[in-house]
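Here the structure is a predicted model, which is why all the values come from computation and not from measurement. For the numbers below, each heavy atom of this structure counts, side chains included, while hydrogens, waters and symmetry mates do not. Proteins come first, then strands; the chains are lettered A, B, ... in the order of their sequence lines, and each starts at number 1.
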Amino acid sequence: MTRPKDKEMEAVWEALGASAASEPPRPLWPLIHARLGQRPTRRLRALFALSASAAAVTGVLLGILLGSAGQSAQDQWQQETWAEVGSMLADGTTLTLGDVYLASQADEGDEGP
Amino acid sequence: MNDDDLMVRTARGDGEAFRLLVERWEKAVFAFHERMVGSAEDALDLSQETFLRVYDQARKYRPSGQFRSWLFRIAGNLARSWLRRKRIVRWLRFEPERHDRSSSSIPADRLLEMDETERAVRQALARLPDRQRQAILLRRYDNLSHQEIATALRTTVPAVESLLQRAMGALRKDLSRRGL
């Protein structure tokens, strides 16, 4: 689709142009520069990354153990959700196993791959 | 100096090259995030995170003239991950009535600033599934080719065409319901 051909689609395409681009409320570079300056050393970052990966793997394993792993696209998407839960755990978000189960059930039927 | 050159210099630790890269792309990245998630504050956070990832992964970047796709792949992954987390947190807080298909929501004060058409377009975009919204934003506002969008979404060109068709169909229905 370089440009939509039918008239209705053309109208939608044009209507999308009504959405003006927002500009950042402040320049990004000073914020990014400050954050780069506050970062832990590379070794510490590697340690954090390792623990985050371990938590993400745990999330995936939990999913497999609870029977959510499988071949279908839906199951694959569910695995992504479990990985996300793992990464939330790594970030320090407190979740119980019950919460995690509820969250996974809640997201079923949402956008799949 | 093109993006690939700046990335090579960034990978060697040249802060000035990275600053140029940020300043070159900050508006496009911010606008993309703002349309993906709806809120300017969250878009600002996500934009910073996007560039920090660019910095961290600069050594892995292979200069091949595809910086734009690579940048928007990082931005898109972060936005979709953020939206997915928001959905999970909503559910953990027992707010199932707010669990719509998309977690993108536009603050009320921002909506008041828009005219009727823009408001309708923004709300229709916010209702699209995340990947469809990502594809349509990259095509319409960032002018990426189907191939570039496929690279950004790690999918195929026919899959992108299908995403765009479904997105356009959903937008047409939504906007025509509102008389546009």
Note: vs chain A, highest number of non-hydrogen pairs under 4.5 angstrom among Thr117(B), Leu171(B), Val121(B), Val29(B) is Val121(B)
From the list Ser176(B), Ala120(B), Ser81(B), the residue making the most non-hydrogen contacts under 4.5 Å with chain A is Ser81(B)
Residues 64-77 of chain B vs salt bridge (charged side-chain N to carboxylate O under 4.0 Å, His left out), sequence neighbours excluded, gives Arg68(B)-Glu148(B)
Checked Leu36(A), Leu16(A), Val12(A) vs chain B; the most non-hydrogen pairs under 4.5 Å come from Leu16(A)
Sorted by chain and residue number, the salt bridge (Lys or Arg N to Asp or Glu O under 4.0 Å) partners of Arg62(B) (sequence neighbours excluded) come out as none
Next item on the list: Flag the pair Arg87(B) and Asp130(B) as a salt bridge only when some basic side-chain nitrogen lies within less than 4.0 angstrom of an acidic carboxylate oxygen.
Entry: yes
Self-check item: Salt bridge flag under 4.0 Å for residues Glu34(B) and Arg122(B)
Solution: yes
Whatever's closer than 4.5 Å to a heavy atom in chain A on Leu44(B) counts as both
Asp14(B) meets the side chain to side chain donor-acceptor pair (under 3.5 Å) criterion, sequence neighbours left out, with Arg9(B)
Checking heavy-atom separations under 4.5 Å from chain A, one finds in residues 16-27 of chain B Phe18(B), Arg19(B), Val22(B), Glu23(B), Glu26(B), Lys27(B)
| said: Between Asn2(B) and Asp4(B) (side chain of the first, backbone of the second, donor and acceptor by atom type, cut-off under 3.5 Å), is there such a pair? | reply: yes
Main chain of Arg131(B), side chain of Arg80(B): is a donor-acceptor contact present, judged purely on distance under 3.5 Å? no
| query | Tyr61(B) and Ile32(A): same hydrophobic cluster, using ILVMFWY side-chain contacts below 4.5 Å? | reply | yes
